[in-house]
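Okay, so here's the structure we're looking at.
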Amino acid sequence: MIVQKYGGTSVGSPERILNVARRIIDTQKAGNRVVAVVSAMAGVTNQLIELADQVSSGNKPTNREMDVLLATGEQTTIALCSMAINAMGGKAISLTGAQAGIATDGEHTKARISNITPDEVHRLLDDDHIVIIAGFQGKSPEGRITTLGRGGSDLTAIAMAAAIKADLCQILTDVDGVYTCDPRVVADARKIDEIAYDEMLEMASSGSKVMQSRSVEFAKKFGVRFEVRSSLNNNPGTIVTEEHPNMEAVVVRGVSIEREQAKVTIENVPDSPGIAARIFGAVSDAGVIIDMIVQNVSKTGKTDISFTLHRSDLDKAGETLEPLVKELGDPVFIETTKGIGKLSVVGIGMRSHSGVAAQMFATLADHGINIQMISTSEIKTAVTIDESQLDEAANVVHAAFNLTSKP
Ligand code: ADP
Ligand code: ASP
Ligand code: MG
């Protein structure tokens with residue numbers, strides 16, 4: 001029993017859909033039961049978001065209607081893939097997320113899977129069908145269409161693999177696997193043969209969007225070992241799995257970058273209990289997701305608090321904080337900065353090796369790249385820098401840790 005997920009580029013044209021159909025039929029002919037989860041054709045989800053914008057005269061459409069709209073992208077692809085397979089003499093049936101038994105909570109546009117009842121999937125597989133499932137979507141308790149957040153087809157595949165106890169889960173995409181850095185940014189990045197869930201999770205959540213981070217979280221929780229590989233060749237990909245002792249020998253597994261970050265600094269706030277709670281409470285109530293937080297040491301009873309967020313949330317954060325800043329009185333003020341990027345190095349070996357941060361900072365300094373903020377976890381060191389220097393920074397840090405050569 002095998003679950004294969006084909007991403008947007010892999011189903012991005014009629015020719016690519018025929019390629020996917022052929023691969024799926026070959027997989028079945030090799031003696032497997034096949035469930036294929038497919039994404040919307042490349043660019044379609046973004047086009048739908050744009051269309052929603054164009055008819056909403058500056059207002060924000062409701063998330064409920066966004067989900068009804070966005071789910072159509074995947075629904076197109078499941079029908080086209082099934083048609084292609086059937087035309088080649090295969091036997092395929094398409095299922096929407098709801099038909100495949102994917103139940104979610106009611107958080108439209110970022111729903112969480114609560115339960116999967118794969119009875120229909122099993123029934124069709126028992127009947128020798130290839131089952132084509134729409135990624136990225138499910139059904140809320142009220143029976144509404146929900147979507148699982150951008151990149152959510154990865155989650156559909158991994159959750160379905162767990163639910164039907166698949167022997168193999170493959171994420172097929174437009175690169176040969178997970179690389180030491182995005183190969184579009186670092187040309188000599190190397191494909192990683194094996195990576196631990198925690199490393200994949202940190203990389204995904206710090207900008208390596210080859211996997212949706214929530215899907216990796218799910219895979220870790222339910223022990224779904226999976227492979228990321230290309231839909232365009234037969235090269236072995238990257239195995240994402242439980243960590244084992246050998247993995248710690250590699251100090252830095254990979255480098256991630258995240259563009260379009262922004263920074264808010266609130267200057268001169270009273271250094272007293274409850275201020276940070278009020279600031280971040282307000283931001284969180286506004287639904288703004290923040291990343292790094294830095295608060296300066298105070299000598300005068302006043303302090304500065306800075307945090308980073310996605311650029312698209314900057315205006316909302318500013319508007320939210322304006323009244324609070326007034327309440328805190330003069331001379332508290334907000335400064336917002338765009339054009340920030342984040343660079344992270346990740347590796348479980350960092351738990352037992354020191355010096356990674358020092359080497360990263362020295363490399364950036366050698367290239368005249370100024371660090372604005374720093375944050376660390378047990379297995380990650382991240383900095384924010386000027387966005388225009390992000391590609392250069394990724395390349396020099398990648399080289400400094402020798403990531404092109406095989407460990
Ligand atoms: P799909 O449409 O198949 O879901 P995505 O566009 O979501 O594909 O993910 C594949 C892309 O992720 C690649 O084309 C690559 O540019 C990008 N990417 C970012 N970081 C990495 C990385 N560390 N390794 C491989 N690909 C990466
Ligand atoms: N089509 C959705 C997106 O573009 C889901 C996915 O591709 O995984 O985010
Ligand atoms: Mg993706």
Side-chain angles (χ1 to χ4, degrees), residues 4-13 16 19-20 36-50 66-67 69-78 97 109-111 133-138 146-160 170-193 195 199-216 226-232 235 237-238 240 252-259 342-347 390-391 394 397-398 403-404:
Q4 296 186 322
K5 177 254 171 177
Y6 292 92
T9 321
S10 303
V11 292
S13 65
R16 289 280 170 88
N19 169 60
V20 163
V37 172
V38 294
S39 290
M41 295 170 76
V44 165
T45 308
N46 287 341
Q47 284 162 18
L48 292 171
I49 292 172
E50 220 155 87
M66 279 312 285
D67 277 352
L69 178 69
L70 295 187
T72 63
E74 271 68 14
Q75 199 169 324
T76 305
T77 326
I78 52 171
T109 74
K110 47 177 186 286
I133 299 177
F136 177 56
Q137 52 175 258
T146 52
T147 64
L148 309 176
R150 296 306 302 270
S153 298
D154 294 336
L155 178 58
T156 304
I158 284 172
M160 192 47 77
Q170 296 180 322
I171 306 293
L172 293 118
T173 181
D174 57 359
V175 278
D176 280 9
V178 180
Y179 280 66
T180 48
C181 189
D182 187 342
R184 290 184 214 209
V185 175
V186 175
D188 57 0
R190 182 181 46 81
K191 185 180 72 193
I192 300 168
D193 294 332
I195 185 169
E199 293 172 323
M200 187 70 252
L201 189 54
E202 286 277 21
M203 282 183 73
S205 52
S206 59
S208 298
K209 302 244 162 67
V210 58
M211 285 301 298
Q212 186 210 31
S213 60
R214 280 169 65 179
S215 71
V216 183
F226 64 95
E227 184 186 14
V228 182
R229 61 188 291 160
S230 172
S231 67
L232 302 168
N235 299 339
T238 302
V240 186
V252 174
R253 184 80 57 196
V255 175
S256 297
I257 62 168
E258 187 134 43
R259 301 182 200 278
K342 187 169 79 165
L343 176 77
S344 311
V345 298
V346 172
L390 203 50
D391 286 26
V397 168
H398 189 272
L403 296 184
T404 301

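Hydrogens, waters and symmetry mates play no part in the numbers below; they use all other heavy atoms, side chains included. Whatever order the structure lists them in is the order used to number ligands and atoms, beginning at 1.
- No donor-acceptor pair under 3.5 Å is formed between the side chain of Gln212 and the backbone N or O of Asp154.
- Under the 3.5 Å distance criterion, the side-chain polar atoms of Thr238 are matched with a main-chain donor or acceptor of Ile192.
- Residue-level contacts of ligand 1 at the 4.0 Å heavy-atom threshold are Lys5, Gly7, Gly8, Thr9, Thr173, Asp174, Val175, Gly177, Val178, Tyr179, Cys181, Asp182, Pro183, Arg184, Met203, Ser208, Lys209, Val210.
- The NZ atom of Lys209 sits 10.5 Å away from the CG atom of Asp182 when rounded to the nearest 0.5 Å.
- Using modelled atom types, one side-chain atom of Thr404 and one backbone atom of Asp188 make a donor-acceptor pair closer than 3.5 Å.
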Stepwise side chain to side chain donor-acceptor pair (under 3.5 Å) check, Thr146 with Asp67: CA-CA 5 Å; Thr146 52; Asp67 277 352; 5.4 Å; no
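- At a 4.0 Å heavy-atom cut-off, the residues surrounding ligand 2 are Ser39, Ala40, Thr45, Glu74, Phe136, Arg150, Gly151, Gly152, Ser153, listed by chain and number.
- Side-chain atoms of Glu258 never come within 3.5 Å of backbone atoms of Lys342 as a donor-acceptor pair (strictly under, hydrogens ignored).
- Arg184 has a carboxylate O that lies under 4.0 Å from a charged side-chain N of Asp174, or vice versa, which qualifies the two as a salt bridge.
- In terms of modelled atom types and a separation under 3.5 Å, the side chain of Glu202 and the main chain of Val346 share no donor-acceptor contact.
- Not a single donor-acceptor pair under 3.5 Å links the side chain of Asn235 to the backbone N or O of Ser230.
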